[in-house]
Amino acid sequence: MDIMDINSNIGSPILADSALMNNSPRAIHTARLPYSTNSPTFNSSLLKVPRMIPEILDDVMSSGWLEAMKSSSPPHSELTRNFGSELTPTDADIAYKNWLLKYPLVLSSFEQITNSAKGKRLALFLDYDGTLSPIVDNPDKAFMSSAMRAAVRSVAKYFPTAIISGRSRDKVYKFVGLTELYYAGSHGMDIMGPVRPICSDHKNCIKSTDEQGKEFSLFQPASEFLPMINEVFRSLVENTKDIDGTIVENNKFCVSVHYRNVDEKIWPIVAESVTEVLKHYPCLRLTHGRKVLEVRPVLSWDKGKAVQFLLESLGLSDSDDVLPIYIGDDHTDEDAFKVLREMNHGFGILVSSTPKDSSALYSLKDPSEVMKFLKKLVLWKKNISKP
Ligand SMILES: O=P(O)(O)OC[C@H]1O[C@H](O[C@H]2O[C@H](CO)[C@@H](O)[C@H](O)[C@H]2O)[C@H](O)[C@@H](O)[C@@H]1O
């Protein structure tokens, strides 16, 4: 897809979700939307979505929701299992080892990677939660280690590097704290990238300067949704305030409703409370992350589109000598893995210690392995750059 296509999607924001094509629980949630009110300040041309019939809503409530909520993140015990121990392997260990045949650990396939990277310019795209920082119970405490920060800083010295997160751009920037990177927040709906002519081709793209006077471009394809997202955030906070453990996080162009700390028995109540609010917003949809429901605009824009936009902004698209690598752990990262796979350009690395279907090509077990991989890339680059 070239940038003209990306641009035309902005004019037509109703999402063509591939999940619509199948019957998975996820397809039901992201596709069959509840309806009605709109914000007075919102562009009503964006509201052309068919009304959902009540039976479908019942169906969504009774089945798919809960399944997807349960499968959205492996339990801690599975995450911390020591696969190298002398204990008898469990079924889960065996399943994981078999899964590795399909998604090999990138650390063990490093030579293969460097062979394909020879003579190419690498670009790195990194998800934040679960990739650079371990998953923790409190989303406000998901700090990355200083060793990881140092690894990201040194990789960014050698390769253009961007963070692409579901969090707000400001928040992820505060966690990472490195000025030498590019940042895309709100699942790619808030991109701070280099200044290039591409910006003038886009509605909702402006040039700006940071505190140090450095110029950058700011692309916010969902800017018209801002008043609506703020309104929904307030309603979600109100609607879930009596559910113990629920955390509602405002990610600027999307909202996260966390249920990691909610008793599993009352997850259906969380789902119901969110649906209750969303039935008033036909232009918003739901996706699932790791023990989190994510409310976002029905807009044909995602982490995959953000990768394409950044590659174009960096002057790295449509070129055979570029090797983009995307590392992520979540459903929303699949959009980026798919884009790289479809472009036949670079590859995705899934961070997971349990088997999952993915469009990534390789895997890494956890953030500590991500750090090892980044360090290895730097060492390799230093070695090949030696005179
Ligand atoms: O795209 P990402 O950078 O991976 O962001 C996705 C969501 O990550 C955060 O939630 C996840 O991590 C939390 C901290 O470890 C954890 O408590 C939560 O259960 C996870 O879902 C973030 O808080 C969300 O807003 C992001 O959308």
Side-chain angles (χ1 to χ4, degrees), residues 68-76 79-80 124-145 148 152 161-177 181-191 222 229 232-233 236-237 240 245-264 267 270 274 284-297 301-307 326-337 348-353 356 358 360 364 366-368 370:
M69 286 173 89
K70 282 183 183 162
S71 65
S72 69
S73 197
H76 279 300
L79 290 172
T80 53
L124 274 178
F125 299 95
L126 307 169
D127 166 55
Y128 183 75
D129 288 279
T131 297
L132 297 182
S133 69
I135 293 293
V136 292
D137 287 342
N138 182 349
D140 285 337
K141 299 254 161 76
F143 305 118
M144 68 195 275
S145 65
M148 180 66 96
V152 176
T161 302
I163 306 286
I164 305 196
S165 171
R167 291 187 184 258
S168 74
R169 184 170 48 80
D170 286 355
K171 203 158 178 181
V172 78
Y173 174 70
K174 269 186 202 139
F175 277 140
V176 177
L181 312 179
Y182 303 108
Y183 290 88
S186 311
H187 295 293
M189 289 179 281
D190 189 5
I191 306 179
I229 293 288
V232 161
F233 169 70
L236 288 168
V237 170
T240 58
T246 313
I247 301 171
V248 185
E249 190 182 5
N250 189 337
N251 288 332
K252 190 157 183 168
F253 296 109
C254 45
V255 179
S256 293
V257 181
H258 294 273
Y259 55 91
R260 180 171 294 279
N261 306 318
V262 176
D263 183 340
E264 195 170 327
W267 286 1
V270 178
V274 174
L284 301 180
R285 64 175 180 129
L286 262 180
T287 54
H288 293 264
R290 299 180 68 169
K291 303 261 191 288
V292 67
L293 298 173
E294 316 218 58
V295 177
R296 52 201 283 188
W301 196 266
D302 52 36
K303 288 184 171 187
K305 296 271 169 64
V307 167
Y326 186 104
I327 313 181
D329 72 313
D330 214 342
H331 284 309
T332 59
D333 300 310
E334 291 295 331
D335 294 318
F337 297 152
I349 303 175
L350 175 69
V351 183
S352 181
S353 60
K356 277 183 197 172
S358 175
L364 285 166
D366 54 28
S368 70
V370 173

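Remember, it's 1-based here, ligands and their atoms both numbered in the order they're listed.
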With a cut-off of 4.0 Å, which atoms of ligand 1 are near a heavy atom of Val292?
21 (O)
Tell me if a side-chain donor or acceptor on Asp330 pairs with a main-chain N or O of Thr332 at a distance below 3.5 Å.
no
Are any of the N or O atoms of Thr332 closer than 3.5 Å to those of ligand 1?
no
Within ligand 1, which atoms have a heavy atom of Asp137 less than 4.0 Å away?
17 (O)
Under-4.0 Å salt bridge between Arg290 and Asp329:
yes
Give the atom numbers and elements of ligand 1 that come within less than 4.0 Å of a heavy atom of Tyr128.
3 (O)
Would one find an N or O of Asn138, backbone or side chain, under 3.5 Å from an N or O of ligand 1?
no
Classify the side-chain pair Ser368/Asp366 by whether it contains a donor and acceptor separated by less than 3.5 Å.
yes
Starting from atom 2 (P) of ligand 1, which protein heavy atom do you reach first, and at what distance in Å?
Asp127 OD1, 2.9 Å
Using only atom types and a distance under 3.5 Å, with no angle test, would you say the side chain of Tyr128 pairs donor to acceptor with the backbone of Met144?
yes
Shortest protein contact, atom 16 (C) of ligand 1 (heavy atom only):
Val136 O, 3.2 Å
Identify, by atom number and element, the atoms of ligand 1 in contact range of Asn251, meaning under 4.0 Å from any of its heavy atoms.
25 (O), 27 (O)
One thing to verify: whether Asp335 and Lys305 come together as a salt bridge, which I'm taking to mean a side-chain N less than 4.0 angstrom from a carboxylate O.
no
Distance to 0.1 Å, residue and atom name: give those for the protein heavy atom nearest to atom 3 (O) of ligand 1.
Ser165 OG, 2.8 Å
Would a distance-only check, ignoring hydrogens and angles, find a side-chain to backbone donor-acceptor pair under 3.5 Å from Ser133 to Phe143?
no
List the closest protein heavy-atom neighbour of atom 7 (C) of ligand 1: residue, atom name, distance to the nearest 0.1 Å.
Asp129 OD2, 4.2 Å
Closest protein heavy atom to atom 20 (C) of ligand 1, given as residue, atom name and distance to 0.1 Å
Arg290 O, 3.3 Å
Suppose I only count heavy atoms of Ala142 and a 4.0 Å limit; which atoms of ligand 1 are within that range?
14 (C), 15 (O)
Proximity to ligand 1 by part of Pro134, non-hydrogen separation under 4.0 Å
backbone
Does this structure show an ion pair linking Asp333 with Lys303, if we count only N-O contacts that are shorter than 4.0 Å?
yes
Say whether, by atom type as modelled, one donor and one acceptor occur between the side chain of Arg167 and the main chain of Pro139 under 3.5 angstrom.
yes
Record the part of Asp333 in heavy-atom contact with ligand 1 below 4.0 Å; permitted values are side chain, backbone, both and neither.
neither
Mind checking whether Arg260 has an N or O less than 3.5 Å away from an N or O of ligand 1?
yes
Per-atom filter on ligand 1: closer than 4.0 angstrom to a heavy atom of Glu249 are 22 (C), 23 (O), 24 (C), 25 (O)
Is any side-chain heavy atom of Ser358 closer than 4.5 Å to one of Glu334?
yes
Could you grab the distance from atom CZ of Phe175 to atom CG of Asp170, nearest 0.5 Å is fine?
12.0 Å
